[in-house]
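Heads up: the structure comes next, in C-alpha cells.
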Amino acid sequence: MRKGRRLYLDGVSVVFDGFRALNNLSLIVDPGELRAVIGPNGAGKTTMMDCITGKTRPTAGTVEFGEQDLTRLDEATIANLGIGRKFQKPTVFDALTVFENLELALKAPRGPIACLRWALGGEARTRIERTMSEIGLTERAQDRAAILSHGQRQWLEIGMLLMQDPDLLLVDEPVAGMTDAETEHTAKLLAGIAGERSVVVVEHDLEFVRALGCKVTVLSEGSVLSEGTIDHVQNDARVIEVYLGR
Amino acid sequence: MSVTALRAPAPSRLRLGLRAVLVAAVLVLAAFPLLNTLPEAHPLHVSDFLVSVTGKWICYAILALSLDLAWGYAGILSLGHGAFFALGGYAMGMHLMRLIGPRGVYGHPVLPDFMVFLGYRELPWYWLGFDNFAFAMLMVLAVPGLLAFLLGWLCFRSRITGVYLSIITQAMTYALMLAFFRNDMGFGGNNGFTDFKELLGMPLNTSFARGALFYASLISLVGCYLLCRWIAGTKYGRVLTAIRDAENRVRFLGYSVTQHKLFAFVLSAMMAGWAGALYVPQVGIINPGEFSPGNSIEAVVWVAVGGRGTLVGAILGAFSVNGLKTWLTSAAPDLWLFVLGGLFVLVTLFLPRGLIGLFQGRAK
C-alpha cells in the first residue's frame, strides 16, 4: 500500500446563499483506512461527500485525492480516478438485472463507442460472479433490480462500488432501514473491503459504528468537533452536548 | 452458468410469434408495389394511393424509431424531432431542385424558379454541391446531425433535462419554421420546393419511381430497426437506459452522461433526417409547414401510443395512428385533433406501455 494520505481535506468551506454548510473542515484519511463520520442532521456530512465527488464545488479550501486536486473536476472524472460513492437512498438501475447493474459498474472504458463494442470476457464474468457471491446475490443474477428487497438493493449498490475497483469508497448511511441481520452482514462486508481500499462511512447508528471498530470523526455545524476511538468521542463533553446528549 | 443465460432468457413463444408477425408484415408491405402493377380489375390489385400512402407511413415509422431511441432509451423527450426530419427533407429537396435544371417555368439553366422570381443573380454558396447526389445525401445526415450536436452539447453539458429540454427542442423547431418562411433565407419561403422532375436519372411520378422509393424506404426502415435493436442489446443500450432512469447515478459510475446522450441524440437526428429525405420525393413537396411544432408532437404521440422504449412499438404506433388519421381526416375531418388528443390521454392513463404492452402484458 502506498504511503501517505489517500484523502486530504484542508480548510474546506461551502457557502450556500450565506449558509455555511461546511466551515473550515479538515480531514485526512490514510490508504486502507476505515473511517466513520457521524454528526447530527445538518452537520455537513453529505455536503462533505458532495465536495469530494465533484457534485458541489467548495467555496474555499483544498480537496486532494492522493496528489490530485479534485476541486475542478466533474463527477465522472473523479469516479474514474478511483472514488466510488454509495448514496443514502440506494440507487440501482431498476430496469436492468443484478448482473447487468454490476456489468455497468465494472471498471472498463466508458465512452459510447467502447460500450457499443463491449463484449463480456471470461475475466470480467468471473469478477462479476465473485462480487455477486460476496454480496450474496448470486441467486438473483437474472432478476431485475426493481424486485429486490431494500437490503438487497443496498448490497447491490455496494457491489457496484466494488466493481468500479475504487481506492476510496464513500458510503452514506448504509444500514438505514435494514434489519439487524442485514446490518451485521453489511458491517462485515465493509470491514472486509477496508484494508485493500480506504472506506469512509457516514452513519447515524452508533451501534453499527461500534461494530465497525474504527476511528470516528464527529462533525458539527460544518467542521470537525472531535476525532478518535468510539469510546473517546462518546466521552467528549462537546460531543455529548451537541449530539449524543440530545 | 453461461453468459447468454445470465443476460436474456431464451425468446418466449410469444416473442417468436411477434417476430414472425413482423417479418410477415414486412413481406406484405414489400409486395405492395408489385401488386400495384396488376390490372386494376384484379382482386389483389393495390392502388397507387395505397402505395404512396404506405410509403409515407414507412418514413414516419423511421422518424418514430429515431424518436424512440432518444426518448424511449436515453430519456430525451424531444418535441422538435420534426425539425430534423424537415432538414433532411430540405437537403433532399435542394438536390431535387438542382436536378430540374433548365426544365423550370423560367427555363434558367441553373437557378430554381423561385430564385429567378426573387431576382437572384447566382446560386447562394450554400446551394453549391447539391447537384451531386452523394454530397446531398451526406448533407441529409450531416445537417440534422450537426444541429443535434450543437443543441445537445449546449443542453446536456448544462444538465438541462426533462420538460425544460422538451421546451427548448420545441422552440428550436418553431424558430426554424419562422426562419424557413422567410424568402431571403434562399429556401423558397412559404412555398418551399416542389415540381420535382427526377432523381438518379429516374423520372418521378411514374409507378417505377414510386416503387423504387417505396423499397428504399422499406429497406431503410428495416435497417434502422436492426441498428436500433443492436444498439439496445449492447452495453451502450443499457447505459442509455440507466441514464433515462437515474442520470446522476450514472455520472458517479464514471460515465460522461453528456457524451452518451449526445451520441444517441445525434444518431437519432440523422435517422430522422434520412426519413425526411425519403419522404420528400414521395410526397413531391417540402415547405416550412414540416417544421410546425404540431408535427413533432404528433410523432411523440405515435411513439407513446405504440409503446416507448420497445422500438417495435414506435413502428406500430406510427402505422396505426397514421392509418387512423388517413381514414378519419376523410371520414370526419373536424374530429381528428380531438381524437389525437384523446388518444394521447387515454393511452397515457390506461396503456402506459402502449399498444405493445397489450401483447407483453399477457406474456408476464
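We name chains A, B, ... by the order of the sequence lines, and we start the count at 1 in each one.
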Okay, side chain of [X], backbone of [Y]: is any donor-acceptor separation there less than 3.5 Å?
{"X": "A:Arg85", "Y": "B:Leu253", "result": "no"}
{"X": "B:Tyr255", "Y": "A:Leu104", "result": "yes"}
{"X": "A:Asn80", "Y": "B:Gly254", "result": "yes"}

Query raised in the report: What part of A:Leu116 lies closer than 4.5 angstrom to a heavy atom of chain B: side chain, backbone, both or neither?
Result: both
Query raised in the report: Taking all non-hydrogen atoms of both residues, which atom of A:Ala95 and which atom of B:Arg244 are closest, and how far apart?
Result: CB-NH2, 4.0 Å
**Report entry** Exercise: identify the closest heavy-atom pair between B:Arg251 and A:Ala79
**Finding:** O-CB, 4.2 Å
Report task. Go through the atoms of B:Phe263 and report whether side chain, backbone, both or neither lie under 4.5 Å from a heavy atom of chain A. Result -> side chain
Query raised in the report: Which atoms of B:Val250 come close to chain A, meaning under 4.5 Å heavy atom to heavy atom: side chain ones, backbone ones, both, or neither?
Result: both
Query raised in the report: Taking 4.0 angstrom as the limit, do B:Arg238 and A:Glu103 come out as a salt bridge?
Result: yes
Requested in this report: Determine, stepwise, if the pair A:Glu157 / B:Arg249 fulfils salt bridge (Lys or Arg N to Asp or Glu O under 4.0 Å).
Outcome: CA-CA 10 Å; A:Glu157 207 183 2; B:Arg249 185 70 186 85; 2.9 Å; yes
Query raised in the report: Hey, does B:Phe252 have a side-chain heavy atom less than 4.5 Å from the side chain of A:Thr53?
Result: yes
Report task. Indicate yes or no: at least one non-hydrogen side-chain atom of A:Arg117 is less than 4.5 angstrom from one of B:Tyr236. Result -> no
